[in-house]
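When reading the values below, keep in mind they use all heavy atoms of this one structure, side chains included, and skip hydrogens, waters and symmetry mates.
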Amino acid sequence: MRQSKFYVPTLKENPAEAEVQSHRLLIRAGYIRKVAAGVYTFLPLGKRSLQKIENIVREEMNRFGAQEILMPALQPKELWEKTGRWDAYGPMMMKLKDRKGRDFALGPTHEELITTLVSLDVRSYKELPLNLYQIQPKFRDEPRPRFGLIRAREFIMKDAYSFDVDEDGLKESYEKMRKAYNNVFRRVGLKFIAVKAHTGLIGGSDSEEFMALAEIGEDSIFVCSNCGYAANRELAKSKFTYKWPEEDRALTKMHTPARMSVNDVAQFLSVPETMLIKTMIYRTEKGYVAAVIPGDREAVETKIQTALGVNNVELINPDDFEKLGLPFGYVGPVGLKEILPGVVIVIDERIVDFKNGVTGANEKDYHLTGVTYGRDFVADIVADIAEAKDEDACPNCGEAIKEEKAIEVGHIFQLGTKYSESLDACFLNEKGERKPFFMGCYGIGVSRILSAAVEQNNDDRGMFLPLPIAPFELHLLLLNPADKLLKNTAENLYELLSNNGFEVLYDDREDVTPGVKFSDADLIGIPLQIIVGKKFLEESKVEIKIRSTGERVLVSTENLIEYLNDWKNNEYSKFSAVYEG
RNA sequence: CGGGGCGUGGCGCAGUUUGGUCAGCGCACCUGCCUUGGGAGCAGGGGGUCGGAGGUUCAAGUCCUCUCGCCCCGACCA
C-alpha cells in the first residue's frame, strides 16, 4: 500500500479527550476516531488490525469445532422477557421501538437468540454437541464508557455458544474452548493469564476470565507464581491470620467520641487495626446483611452475593443508617439483631477465631472491646467475603500471592441449563425423554484486544503491535523521493517485497520531510521499518529498524528477502498456538 | 447514578475572575520559493460567532437560567 494514497490521519498532539496510552495512541496513529462516548470508527489501519485479530479467533474457533454464524444485533423484547433479562439487564441495554411501537434491543449478548434458534432446529441428541459462534458488534449502554476501545458501548465481540446433552459433554466443550482461548491469546501476542471468575449477569456455575496484564486494567487479579493459582479479586481466596490476645477479656464498652473510622478507633485505643472488626451493612433483595470483616480489609460484594445466593448487594448510605436506627460508624455485630431484626450476619471465615476484638457498640460514640466470636455473637453464615491482598498466602500452596491489574479480554462460562430451561429449549435423548440443553458460552472482546495490545506495547514515540496483529508487516520508508537512485531503489523494493508475500506500507510521500516519516512510522508502529535513505547511498545497503527494540541492522538488497523471511518466521514462532484441535 | 472538570477554526490551547478593538496563538491546511536522516525555513493566504436555547444589558465568548455533549474518580462488564 502506498502511503501517499492511504488514509492514515496521524495527529501530532494528544487528543484532549484521551487519557490512557492505548486510547491516545490509537487516535493519534490514525487507527480509530470517536463518534460518541464509547462509539468509534475504525480507520484503515485499525480495521486491518481488527481483521487480523478476527481471523486468528476464527481459525482457533474452527480448529476446535465451532461453526461460524451471524445473528442480528436487533432483537425483539419478547425473547428477553422469557429469561427475565429485559429487566435484569435494565439500562445496560440499548432499547428502541420500530415504527409500530414494538420494542427491540440492540443485543448486548446473544444467549436468548441462539438458544431459541437451536431449540427450533435441533431435536435429537444425535445432533449434539454443537458449538456456534459469531463475530459481530455488541451494544451495551455502559454507565461509564472509558479508555477508548477498552470500555466501549458498541464493540466487536466474538461470542460462542455450546450445546451438549449433559454436564460431562458441557465440560468437554468448555475444555475445548479453554484451549482455543489459550491459543488465541498467545497468537495475538498478549501477555495474559487465565483466572477463576465470577459469573455476573450471564450466570451459570464455573467461569474463567482471560486477563491481559496492564496497569490501567479495571480488574484486580491474584496470582500465585508457585502453584499457578489465579483468580479475580471478586472471588480470590487467600489465607491470612491475625493474632488475638490469648487471655479471656470481658466485653467492655468504651467511650470513643467522634472516632468512626477504623484508623481513628485503632489509634484512639492504641491497638493495631487488625484488632478491629468492621461491620458493613448491605441491602439485598432478600433483606439486610451485615458483613463482618477484618478492620483493615474491604468486603467483596460479589463474594457476599455468592455466600447469600442473592443478585443485588448494595452498601447502604449514611441516610439509611438513620432510618434504620443505626449509628453510622459505630455498628457492630453484638446485639445487632435487636436493632435490625431479620438482618443476616455473615462473618469472614478467616476471622471466626477472633478473640478480644474491637467492634462498634451500636451506640453513637461507643465501641466494644474484648469481643469474642462465639461468646458474644454468632453469625448466620461463615464464608469467604473479605478481599484478598497482595502478599496474602495462596489458598493452595501457601506461598505469597501477588496482585496484578488486568483487562478482561475473554470470558468462558459453563451455563448449564439456565437458559435452556427458561426458554424451554430441549432435545430428545436416547430414551426419548425431553431434556434441556447443557450450555456454555464463550466471549472474546475482539476490539478490546487491540487496545490491550497497545497498552502492553508502547513507548514515548508510539505503539508497536505484535506482528500477528499489526496492520502491516513492513514499513518501507523512502526518505528522499527527489533523489532518483533512492526513489528507484524504493520502488523496486516495494515491488519485490510485495511479490514475496509481505504486507508492506510504503511511505512514498513526496511532500514530507524525513523527520515526519520517521515520526509517523514510530507512531503507527509497524513491526519492522526498512529505511531507504542516505545510508543506502553510502553503503549500498538498506537499513532495517525493529520498531519495538529500536535495533538497527544494514542488509544488502540481495540478502533482504532471506533476512526478512527469517525474521518473520522467527517472529511468528513466538506467537504460536499451544494446543492442537 | 454520586463527585470533579471541560466545551472558543480540523487538532491543541489563551481570552471568561474585573461585560466594551477579544475573536487570538501554535500546529494543520492552501500558494510560491527553498529544503530532504528525526515532526524544517521564508513569504503570502483561507477558515471560527465562541456547544445549544432563553434571559439581563446600550453592549455578552465573558453575567444569570435551562439544556446537550465530552472527559476523569467511584458502584457495573468482553
Contact class for [X] (heavy atom, under 4.0 Å): base, sugar-phosphate, or nothing?
X      : answer
A:I449 : nothing
A:V409 : sugar-phosphate
A:K138 : nothing
A:A18  : nothing
A:E142 : base
A:R509 : nothing
A:R33  : nothing
A:G410 : sugar-phosphate
A:E17  : sugar-phosphate
A:D483 : nothing
A:K545 : base

State whether the number of non-hydrogen atoms from other residues, nucleotides or ligands found under 6.0 Å of A:K176 atom NZ is greater than 12.
no
Identified pairing partner of [N], criterion: Watson-Crick or G-U wobble below 3.5 Å:
N     : result
B:G20 : B:C58
B:C77 : none
B:G26 : B:C11
B:G41 : B:C33
B:C70 : B:G5

Is there a side-chain contact (heavy atoms from CB on, under 4.5 Å) between A:T306 and A:H198? Walk through the geometry before answering.
CA-CA 9 Å; A:T306 309; A:H198 182 72; 3.9 Å; yes
Nearest-angstrom distance from the residue atom CG of A:L477 to C1' of B:G39:
14 Å
Integer-rounded Å distance: B:C72 P and A:E218 CD:
10 Å
Look at the side chain of [X] and the base of [N], then say whether one donor and one acceptor between them are separated by less than 3.5 Å.
X      : N     : result
A:R144 : B:G4  : no
A:N480 : B:G37 : no
A:D522 : B:G38 : yes

When A:I531 and A:P145 are each assigned the nearest nucleotide of RNA chain B, the 5'-most assignment goes to A:I531
By nearest heavy atom, map A:V35 and A:L479 onto RNA chain B; which one lands nearer the 5' end?
A:L479
In terms of side-chain heavy atoms of [X], which of [options] is nearest?
X      : options             : result
A:F147 : B:C76, B:G38, B:C73 : B:C73
A:R151 : B:C71, B:G39, B:C76 : B:C76
A:E13  : B:G26, B:C71, B:A78 : B:G26
A:P15  : B:G38, B:A78, B:G12 : B:G12
A:R448 : B:A40, B:C71, B:C77 : B:C77
A:R146 : B:G74, B:G37, B:A78 : B:G74
A:E301 : B:A78, B:A75, B:U36 : B:A75
A:R461 : B:G38, B:G39, B:C70 : B:G38

A:R48 charged N/C atom sitting above A:F472 aromatic ring, 6.0 Å / 45°
yes
For a 4.5 angstrom cut-off between non-hydrogen side-chain atoms, does A:K286 reach A:V344?
no
What are the two closest heavy atoms between A:Y494 and A:R2, and how far apart are they?
OH-N, 3.7 Å
Nearest heavy-atom pair of A:I449 and A:L190: which atoms, and what distance?
CG2-CD1, 4.1 Å
Any sub-3.5 Å donor-acceptor pair from A:E112's side-chain atoms to A:W80's backbone N or O?
no
Please work out which residues in residues 155-162 of chain A have a non-hydrogen atom less than 4.0 Å from an atom of RNA chain B and list them by number.
A:F155, A:M157
Angle between ring planes, A:Y40 versus A:H23, binned at 30° and 60°: parallel, tilted or perpendicular?
perpendicular
